[in-house]
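Note sheet for the following structure.
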Amino acid sequence: MTTNEVNPNESSEKLKENLERIEELTERFAAAVAKKQAIRPSLQGPGQDYYTKSLGAYWTEMMKHPGKVLEDQVEYWGKTLKHAVDAQKALIANEGVPEDPTPKDPRFRNPLWDTHPYFNYLKQQYLITSEAMKDAVEGLEGLDPQDRKRVTYFTQQMVDMMSPTNFLATNPDALEKAIETEGQSLIDGLENMIRDLERNDGELVVTLSDPDAFKVGENLGTAEGQVIYRNRMIELIQYKAKTDKVYERPLIIFPPWINKFYILDLKPENSLIRWIVEQGFTLYVVSWVNPDTSYADVGMEDYVEDGYFAAIDEVRAITGQDKVNVVGYCIAGTTLAITLSLMKKRKEDKINSATFFTALTDFSDQGEVGVFLDNDFVDGIEEEVTDKGVLPSLYMSRTFSYLRSNDLIYGPAIKSYMMGNAPPAFDLLYWNGDSTNLPGRMAVEYLRGLCQDDKFAGEGKGFPILGTRTRIEDVEVPLCAIACETDHIAAWKSSYRGMRKMGSDDKTFILTESGHIAGIVNPPSKKKYGHYTNEDWPENPEDWQAGADKHEGSWWGRWGKWLAKRSGKKIPAREIGDSGHPALAEAPGTYVIGCPKV
């Protein structure tokens with residue numbers, strides 16, 4: 001028997017094994033789906049109401065401007081008919097594929113999309129139809145700006161979902177691999193899907209990274225430090241000095257409590273935490289508790305009082321410094337600004353400078369995430385947290401994933417379920433999947449009072465906290481903000497508008513390339529993303545960017561120099577903690593481990 005011949009006995013045995021495996025997987029699939037809890041209709045996605053509005057607007061447009069609508073339809077059908085005729089002619093003449101004017105798209109990398117008549121036809125028809133749908137939405141009249149934004153978003157979601165790459169019968173990569181592996185890839189893919197269903201109680205959430213490749217505290221979050229304070233909301237970690245002398249003014253980082261702080265300490269080579277201590281700063285980082293249902297009544301004031309105030313006072317007591325420098329990242333930056341306003345009202349002079357990483361304080365323009373901030377969706381959130389006590393991590397992670405659905409949903413699903421690939425060992429994606437719950441009361445206060453009502457930055461309102469109305473103009477300490485150019489969560493233009501409204505006379509704004517995470521976790525050694533600076537503060541962020549200077553490489557060094565000027569003289573490096581603050585646990589602590597099931 002030659003090496004290319006197939007042993008019928010081996011083939012028969014393989015088929016038997018696969019049939020038995022399919023039977024087992026089918027039973028597991030049924031059991032996993034049975035665990036799925038009912039999702040409130042308003043949390044399944046508010047798209048239906050907006051498609052109804054879109055359809056109504058479309059018919060209104062048709063009545064008002066029948067010629068324009070007819071022209072759009074004729075143009076679309078003309079393109080599809082011409083393409084069909086061209087494809088048929090090329091096929092009959094054995095000329096391969098017709099002319100392909102469609103734009104390049106990373107989803108269609110396989111050469112068969114360009115060379116095979118069947119796949120090229122599918123690709124061109126899909127892209128022609130996608131363009132027609134987008135044009136139809138853009139041409140609608142009678143929609144207010146928010147409705148238009150949401151109709152556009154949900155139309156794009158539908159367009160992305162219907163890509164031929166998302167279906168086995170029309171995905172050449174998946175079909176080729178199925179043939180090469182004699183169907184083994186399809187069985188492996190089915191097992192991957194069932195495993196994801198089992199991990200998430202019947203919810204289909206694609207595993208983005210190998211869950212067994214990383215362990216927090218062993219190969220992630222390994223910077224040397226100790227937990228030196230703990231309460232019901234935070235663990236406060238002090239990191240070991242790496243220089244003989246340090247700046248006398250300590251630094252506290254407040255990371256977001258959506259996801260976990262070790263995004264700032266993934267690996268030694270991209271760890272902002274390690275870089276900061278290597279520059280001679282005494283660094284403290286807050287690790288927030290991952291709440292379970294017992295935290296249902298925890299509100300924004302608990303994060304301020306037991307988080308910000310507690311950490312600031314403990315660090316002042318340990319170091320003997322009257323003032324500290326602080327950093328707030330994302331939602332923690334929003335809350336830091338509120339805390340600074342509250343301290344100003346109380347005449348508490350404890351903060352020397354504040355830095356904001358991708359933080360929104362002005363919600364007048366909600367950016368991409370605004371499609372999820374109308375009442376229909378927030379009402380569903382409120383019902384959910386009233387019932388469960390917390391907003392389970394699934395909802396936030398799924399919401400943010402749909403802002404980049406091709407990268408974080410469909411692409412990974414194709415590789416895992418259709419190709420049968422094991423998820424990669426990718427630290428950033430592992431962190432992305434290590435989500436946190438949100439206390440019910442806090443989630444509603446944030447969504448209603450800040451995202452929807454813009455009380456902190458809006459005219460004459462004020463965000464109420466601990467008996468005080470806080471306002472953006474009361475933030476008067478020296479400030480630095482880092483925003484990210486392609487951030488889909490905290491739009492840089494909104495970040496700029498918020499900084500511009502703050503009352504400080506000492507403000508610096510840095511715009512870095514890339515997005516919400518990659519723009520911040522951008523070590524100088526990589527020399528990957530550049531950044532922009534401009535000392536002027538024009539009203540429009542577009543004018544700021546037009547007049548900005550472009551700098552190559554990371555913003556870390558520029559910020560480090562800014563911070564050093566506000567950190568006082570050099571003193572001998574500090575030991576970790578003191579007699580009143582003994583070591584409670586090795587970094588990264590205990591609060592960062594695991595996610596309470598809800």
Side-chain angles (χ1 to χ4, degrees), residues 43 205 208 216 221 233-235 253-266 285-292 295-296 298-300 302-304 307-308 327-339 356-361 363 366-373 377-378 381-382 384-385 388-404 408 428-452 484 487-491 494-495 515-521 588 591-596 598:
L43 286 178
V205 181
L208 299 178
V216 180
M233 295 299 297
I234 67 168
E235 286 186 330
I253 295 181
F254 295 94
W257 50 89
I258 301 171
N259 287 107
K260 299 177 180 178
F261 85 90
Y262 68 87
I263 185 61
L264 301 175
D265 186 32
L266 289 176
V285 176
V286 164
S287 175
W288 301 99
V289 71
N290 194 350
D292 58 21
Y295 284 75
V298 164
M300 294 287 286
D302 296 287
Y303 279 86
V304 170
Y308 293 81
V327 174
Y329 190 170
C330 191
I331 188 174
T334 307
T335 312
L336 174 60
I338 292 168
T339 303
F356 300 95
F357 293 169
T358 65
L360 295 180
T361 50
F363 290 86
Q366 300 160 340
E368 291 181 59
V369 78
V371 298
F372 293 105
L373 293 176
F377 193 73
V378 177
I381 294 282
E382 193 160 12
E384 181 73 12
V385 300
K388 285 190 167 63
V390 300
L391 182 63
S393 60
L394 169 67
Y395 295 110
M396 293 304 293
S397 62
R398 186 165 56 185
T399 297
F400 291 143
S401 291
Y402 270 106
L403 293 175
R404 292 175 54 204
L408 296 177
L428 180 57
L429 290 180
Y430 177 89
W431 168 86
N432 188 72
D434 190 11
S435 304
T436 57
N437 305 317
L438 297 180
R441 183 178 162 204
M442 170 265 142
V444 173
E445 288 175 347
Y446 178 77
L447 291 171
R448 296 289 191 200
L450 292 168
C451 297
Q452 285 191 327
C484 301
D487 196 331
H488 59 286
I489 295 173
S494 294
S495 177
H516 193 70
I517 300 301
I520 297 300
V521 184
Y591 282 1
V592 76
I593 306 299
C595 181
V598 178

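All residue numbers refer to positions in the sequence shown, counting from 1. These figures come from a predicted structure and were not determined experimentally.
Taking 4.5 Å as the limit, every side-chain heavy atom of Ser495 sits out of range of all side-chain heavy atoms of Phe356. Side-chain contact check for Cys484 versus Ile520: some heavy-atom pair is nearer than 4.5 Å. Inter-residue side-chain proximity for Pro588 and Phe261 is flagged as met; some heavy-atom pair is nearer than 4.5 Å. Within the 4.5 Å cutoff, side-chain heavy atoms of Tyr262 are placed close to those of Trp431.
Between the CG atom of Leu394 and the OG atom of Ser435 there is a distance of 8.5 Å, given to the nearest 0.5 Å. A distance of 8.5 Å separates CZ of Phe363 from OG of Ser494, quoted to the nearest 0.5 Å. Atom CG of Leu208 is separated from atom CG of Leu428 by 10.0 Å, given to the nearest 0.5 angstrom.
Of all heavy-atom pairs between Thr361 and Thr334, the closest is CG2-CA, 4.3 Å. The heavy-atom pair separating Asn432 from Asn259 by the smallest distance is O-ND2, 3.5 Å. Tyr430 approaches Val216 most closely through the heavy-atom pair CE2-CG2, 4.4 Å. Here the closest non-hydrogen pair linking Met442 and Met300 is CG-SD, 3.9 Å. Tyr329 and His516 get closest at one heavy-atom pair: OH-O, 3.0 Å. Considering all non-hydrogen atoms of both residues, Gln452 and Leu373 come closest at NE2-O, 2.8 Å.
A centroid separation of less than 6.0 Å is found between the aromatic rings of Tyr308 and Phe254. The six-membered or imidazole ring of Tyr303 lies near that of Trp257, with a centre-to-centre distance under 6.0 Å.
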Exercise for the section: Applying side-chain contact (heavy atoms from CB on, under 4.5 Å), run through Val285 and Leu264 and close with a yes or a no. Expected result: CA-CA 10 Å; Val285 176; Leu264 301 175; 5.5 Å; no
Exercise for the section: Test Asn437 against Asp292 for side-chain contact (heavy atoms from CB on, under 4.5 Å), laying out the working first. Expected result: CA-CA 7 Å; Asn437 305 317; Asp292 58 21; 5.6 Å; no
Exercise for the section: Kindly indicate, with the supporting measurements, whether the criterion side-chain contact (heavy atoms from CB on, under 4.5 Å) is fulfilled by Ile489 and Leu360. Expected result: CA-CA 9 Å; Ile489 295 173; Leu360 295 180; over 6 Å; no
Practice task
Go through Val385 and Val390 one step at a time and tell me if the side-chain contact (heavy atoms from CB on, under 4.5 Å) criterion holds.
Solution key: CA-CA 5 Å; Val385 300; Val390 300; over 6 Å; no
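A distance-only check finds no donor-acceptor pair linking the side chain of Glu235 to the backbone of Ser287 [under 3.5 Å].
Contacts of Asp487 classified as salt bridge (charged side-chain N to carboxylate O under 4.0 Å, His left out), with partners at least two apart in sequence or in another chain: none. Contacts of Arg448 classified as salt bridge (charged side-chain N to carboxylate O under 4.0 Å, His left out), with partners at least two apart in sequence or in another chain: Asp379, Glu382. In terms of the side-chain contact (heavy atoms from CB on, under 4.5 Å) criterion, residue partners of Thr436 (sequence neighbours excluded) are, by chain and number, Lys260, Asn290.
Exactly one residue among Val327, Ile331, Ile263, Val286 makes a side-chain contact (heavy atoms from CB on, under 4.5 Å) with Pro255. That residue is Val286.
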